[in-house]
Amino acid sequence: MKTLEEHACFGGTQGFHEHASDTIGLPMRFGVYLPPQAARGPVPVLYYLAGLTCNEQTFAIKAGAQQHAARLGIALVTPDTSPRGTGVEGADQDWDFGHGAGFYLDATAQPYARHWRMESYVARELPQVLQRHFAVDTARAGIFGHSMGGHGALTLALRHPGRYRSVSALAPICAPSEVPWGHKAFTGYLGGHREAWSTHDAVQLVRRGARVPPLLVDQGLADTFLAAQLRPERLEEACAAAGQPLTLRRHAGYDHGYFFVASFVADHLAHHAEALAA
Ligand SMILES: N[C@@H](CCC(=O)N[C@@H](CS)C(=O)NCC(=O)O)C(=O)O
């Protein structure tokens, strides 16, 4: 593992690192914020999965979450949103597919199946790398994310029961099988099989009986992607029908971007800290 940048931040350290990923088959970058408490022993880990067009630096630079992580004694881990430099033709062409748009699943369709393996990377390989190199306790882990990363946080938690003690999302893509971003990604990465799509769709997973710790979801009502791409009401219906606890908060005036994320990030860290402290 190679450290690319390190910055003192709220008494802790914000770093950006690169390593050769066996899962992805290419170098991968990730960010780690270590709070001051990490100097005295391993701290719990909170993974943040970013959205389309973002990378491992976006949340660290824009969300202002480190001050809360420093207070609560939690490490923040921000993986990149896809493999990079794959050489796959057309992978740089669209902002909602290919590079910067991995959708946190393992692709099964060609030519993506070799490198687009973000689910295995985030859920399996990255925790091992963290455990080896940082003062963290990856057995105490929470996960959250924004937009495509909100979809990632919900589906990874639903698909890996017991792995994450806490889950939340900001403006998540709730029902990817039913919206254009999800159609495009699932067709490309998984092929045309609807059954396979449903195993990476938070609404479908909840409907089929998957359960996670009580969910916190925030959504801005001035978000231009709300009606066409995000569909929180579908998650609300599915959770209500299944008895999955969900707190869905709708906020007038907030759009999709990081000004919205920054406005509510303290509540998300508090939500996770409660579960991770135990
Ligand atoms: N590039 C897209 C927008 C992509 C977008 O909004 N990405 C969200 C995640 S889905 C984001 O967080 N962008 C980075 C930012 O706002 O700083 C567009 O032109 O409409």
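Numbering of ligands and ligand atoms starts at 1, following listing order. Values below: all heavy atoms of this structure, side chains included; hydrogens, waters and symmetry mates excluded.
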How would you list, by chain and number, every residue that makes a ring pair (Phe, Tyr, Trp, His ring centres under 6.0 Å) with H200, sequence neighbours excluded? none
Just the distances, no angles: every ligand 1 N or O to protein N or O pair closer than 3.5 Å, one line each.
unit_1   : atom_1 : unit_2 : atom_2 : d
ligand 1 : 7 (N)  : L52    : O      : 3.1
ligand 1 : 17 (O) : K62    : NZ     : 2.3

Which residue pairs pass the side-chain hydrogen bond (donor to acceptor under 3.5 Å, both in side chains) test when at least one of the two sits in residues 25-36, sequence neighbours left out?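 Output for this query lists E18-R29.
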Are the aromatic ring centres of Y121 and H19 under 6.0 angstrom apart?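 Yes.
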Aromatic ring proximity H151/F103, centre distance under 6.0 Å: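 Here the rings of F103 and H151 have centres that are less than 6.0 Å from each other.
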Taking atom CD of E89 as the centre, does the number of heavy atoms from other residues, nucleotides or ligands within less than 6.0 Å exceed 12? no
What residues, two or more places apart in sequence or in another chain, satisfy side chain to side chain donor-acceptor pair (under 3.5 Å) together with E195?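 For E195, the residues satisfying side chain to side chain donor-acceptor pair (under 3.5 Å) (neighbours in sequence not counted) are R208.
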